[in-house]
Asker: 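The structure under discussion is supplied below as structure tokens; questions concerning it will follow.
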Amino acid sequence: ILQAMSQDYDCIVIGAGVHGSFTAYNLAKKNKKTILLEQFVLPHSRGSSHGQTRVIRKAYDRDYYTQMMEECYQLWSQLEKEANVKLYRRTGLLVMGPERGLAYPAIKSTLERNKLPIVTLQREEFSQHIPNVNLSQGHGALVDMTAGVLYADRTLRTVQVRFQKLGGVIQDGLKVIDITLTGPWANTLLSHTGLQLPLQVLKINVCYWKEKVPGFYNVQNRFPCFIQLESEEAKHDIYGLPSNEYPGLMKICYHSGPETDPDERDRQTDRGDIDILQRYITSCFPGLVPIPAIVESCMYTVTPDSHFVLDHHPTHPNIVIGAGFSGHGFKFGPIVGKLLCELSQGEVPSYDLSPFRIRRFQALSKSAL
Ligand SMILES: Cc1cc2nc3c(=O)[nH]c(=O)nc-3n(C[C@H](O)[C@H](O)[C@H](O)COP(=O)(O)OP(=O)(O)OC[C@H]3O[C@@H](n4cnc5c(N)ncnc54)[C@H](O)[C@@H]3O)c2cc1C
Ligand SMILES: O=C(O)[C@@H]1CCCCN1
């Protein structure tokens, strides 16, 4: 089928998650005849891009992510205008973490170096600004003022419709079994092209927690998103979004989870991450009932260094790979779409992509490098 398609289309994009959808949309904007293939019938909730909300932020510990987000915010806003929909809601992002650790000082200095609007909260004034949250001993707190919430499902719908309006074709319910790219299935599919990337698929329990007093942590009361950076109590970050999509429920998740086969996600029932969240909520979010009211599932595809893969296939340069978004890729959708489109067209990419090259895994990858 693909061979027949390759005669009819300039570009074939495999996977209609956030990144495939934005890539297809960018290609169509450049007048490339493009088909977007998706194994499941759309919309679906079996990959990494479903659900109502995601965090958008510039608070990162690396300049290159922060700087890519500068342009990315503009692209989000352009899409909102073009499609006349609201995709972003500003809430701010509270970042908390050990002041003497690595991550918190690195994020703070990246934000300062890039002259971004932040407010640093002193311990004495913390509860006046952020009521109903306990700041752990030895932790600092700052607010990334331009951060907020992205409406994820709505984004996918919007981008896919824009793509179709530009003449793009979506074929869902069609699994490519020969060559492949994005999402948790990236490795199975790429192996057909002789490439094995060191990607690990994790199941994430997406937990919603009930407010003891409705409104405590509500978006309308200007409660922000937050990230609690890794500490002795929790080896990975914990993050949350104010109650919004489900009235009276706040979404708080652990930034890691048990390994899973993407086709057997629901058979993975490990809840160790939920235990960690319960302990954290009991000590730091006293206004929430420390038992999850709703648990949904999602997957991360993680690389060993948590940085994305944005590159040409090492031996088939006409294949461009976007994968391994490591649980923080959604916000970059518009810029990743632009970059993958540039790579596929042989253009010089708008950003230095060296942190995202496949070559960095040389010692870890099995073949074709
Ligand atoms: C719980 C959770 C919370 C997150 N929070 C944030 C956040 O707050 N902020 C943020 O920026 N990011 C966040 N992320 C990360 C972000 O959602 C992901 O990085 C992003 O959605 C990955 O998109 P993708 O397009 O690479 O993968 P996917 O969404 O999995 O898309 C890949 C698609 O390809 C399809 N596919 C795969 N193989 C084939 C094939 N052979 N043939 C046809 N189709 C195929 C799949 O079915 C799938 O639809 C979060 C992720 C999760 C799970
Ligand atoms: O990308 C983000 O912003 C969220 C919160 C922090 C952990 C990763 N996922």
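Just follow the structure's listing: the first ligand is 1, and inside any ligand the first atom is 1.
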Asker: Within the structure, does Arg54 bring an N/O atom to less than 3.5 angstrom of an N/O atom in ligand 1?
Answerer: yes

Asker: Can you name the atoms of ligand 1, numbered from 1 with element, that are less than 4.0 Å from a heavy atom of Gly329?
Answerer: 11 (O), 12 (N), 15 (C), 16 (C), 19 (O)

Asker: Got an N/O contact under 3.5 Å between Phe40 and ligand 1?
Answerer: no

Asker: Purely on distance, is any nitrogen or oxygen of His255 under 3.5 Å from one on ligand 2?
Answerer: no

Asker: Report yes if Phe330 has an N/O atom closer than 3.5 Å to an N/O atom of ligand 1; otherwise report no.
Answerer: yes

Asker: List ligand 2 atoms under 4.0 Å from Val55, heavy atoms only on the residue side.
Answerer: 3 (O)

Asker: Only heavy atoms count here, so choose which of Arg54, Lys331, Gln228 is nearest to atom 1 (O) of ligand 2.
Answerer: Lys331

Asker: Is the backbone of Thr303 close enough, under 3.5 Å, to the side chain of Ser326 for a donor and an acceptor to pair up by distance?
Answerer: yes

Asker: Heavy-atom contact check, 4.0 Å cutoff: does Cys253 meet ligand 1?
Answerer: no

Asker: Between Lys338 and Met68, is there a side-chain heavy-atom distance shorter than 4.5 Å?
Answerer: no

Asker: Is the contact between His50 and ligand 1 made by the side chain, the backbone, both, or neither, using heavy atoms and a 4.0 Å cut-off?
Answerer: neither

Asker: May I ask you to list the atoms of ligand 2 that are less than 4.0 angstrom from any heavy atom of Gly327?
Answerer: 1 (O), 8 (C), 9 (N)

Asker: Looking only at N/O atoms, are Tyr239 and ligand 2 under 3.5 Å apart anywhere?
Answerer: no

Asker: Are the side chains of Val95 and Tyr104 in touch, meaning some heavy atoms are under 4.5 Å apart?
Answerer: yes

Asker: Give yes or no for whether the N/O distance cutoff of 3.5 Å, strictly under, is met between Glu38 and ligand 1.
Answerer: yes

Asker: Within the 3.5 Å criterion, strictly below it, is a donor on His139 or Gln228 matched to an acceptor on the partner's side chain?
Answerer: yes

Asker: Quick check on Arg57 - does any of its heavy atoms sit under 4.0 Å from an atom of ligand 1?
Answerer: no

Asker: What are the atoms of ligand 1, with element, lying closer than 4.0 Å to any heavy atom of Ile204?
Answerer: 1 (C)

Asker: For Ser49 and ligand 1, does the shortest N/O to N/O distance drop below 3.5 Å?
Answerer: yes

Asker: Hey, which atoms in ligand 1 end up nearer than 4.0 Å to a heavy atom of Gly15?
Answerer: 33 (C), 34 (O), 35 (C)

Asker: Mark yes or no for whether Asp61, through its side chain, and Ala106, through its backbone, hold a donor-acceptor pair below 3.5 Å.
Answerer: no

Asker: Run the numbers for me: atoms of ligand 1, each under 4.0 Å from some heavy atom of Phe325, listed by number.
Answerer: 19 (O), 26 (O)

Asker: Identify, by atom number and element, the atoms of ligand 1 in contact range of Leu174, meaning under 4.0 Å from any of its heavy atoms.
Answerer: 42 (N), 43 (C)

Asker: Report, in ascending order of atom number, the atoms of ligand 2 lying under 4.0 Å from any heavy atom of His328.
Answerer: 1 (O)

Asker: Flag yes if Phe216 and Val133 sit in one hydrophobic cluster, no otherwise; membership is Ile, Leu, Val, Met, Phe, Trp, Tyr, and two members link when side-chain heavy atoms are under 4.5 Å apart.
Answerer: yes

Asker: By number and element, which atoms of ligand 1 are closer than 4.0 Å to a non-hydrogen atom of Gly47?
Answerer: 30 (O)

Asker: Of Phe226, Tyr208, Phe285, which meets ring pair (Phe, Tyr, Trp, His ring centres under 6.0 Å) against Tyr217?
Answerer: Phe285

Asker: What protein heavy atom is closest to atom 6 (C) of ligand 2, reported as residue, atom name and distance in Å?
Answerer: Ile227 CD1, 3.6 Å

Asker: Any sub-3.5 Å donor-acceptor pair from Glu38's side-chain atoms to Ala16's backbone N or O?
Answerer: yes

Asker: Please find the pair of heavy atoms, one from Leu79 and one from Leu87, that lie closest to each other, and give the distance.
Answerer: CD2-CD1, 3.7 Å

Asker: Are Leu339 and Phe332 close enough that some pair of their side-chain heavy atoms sits under 4.5 Å apart?
Answerer: no

Asker: Do Tyr88 and Tyr73 have side chains that approach each other closer than 4.5 Å (heavy atoms only, starting at C-beta)?
Answerer: yes

Asker: Does Val176 approach ligand 1 within less than 4.0 angstrom via side chain, backbone, both or neither, non-hydrogen atoms only?
Answerer: both

Asker: Backbone N or O of Lys58 within a donor-acceptor pair of the Thr66 side chain at under 3.5 Å?
Answerer: yes

Asker: With a heavy-atom distance limit of 4.0 Å, tell me whether His328 approaches ligand 1 through its side chain, its backbone, both, or neither.
Answerer: backbone

Asker: Got an N/O contact under 3.5 Å between Ile14 and ligand 1?
Answerer: no

Asker: Going by heavy atoms in the side chains, are Ile294 and Lys251 under 4.5 Å from each other?
Answerer: no

Asker: Can you classify the ring geometry of Tyr64 versus His307 as parallel (below 30°), tilted (30 to 60°) or perpendicular (above 60°)?
Answerer: perpendicular

Asker: Are the side chains of Arg89 and Tyr151 in contact, using a 4.5 Å heavy-atom criterion?
Answerer: yes

Asker: Short list, please: which atoms of ligand 2 are under 4.0 Å from a heavy atom of Arg57?
Answerer: 1 (O), 2 (C), 3 (O), 6 (C)

Asker: Quick one: does Arg57's side chain get under 4.5 Å of Cys225's, heavy atoms only?
Answerer: no

Asker: With heavy-atom distances below 4.0 Å as the criterion, list the atoms of ligand 1 near Val18.
Answerer: 20 (C), 21 (O), 23 (O), 25 (O)

Asker: Identify, by atom number and element, the atoms of ligand 1 in contact range of Tyr239, meaning under 4.0 Å from any of its heavy atoms.
Answerer: 1 (C), 2 (C), 3 (C), 4 (C), 5 (N)

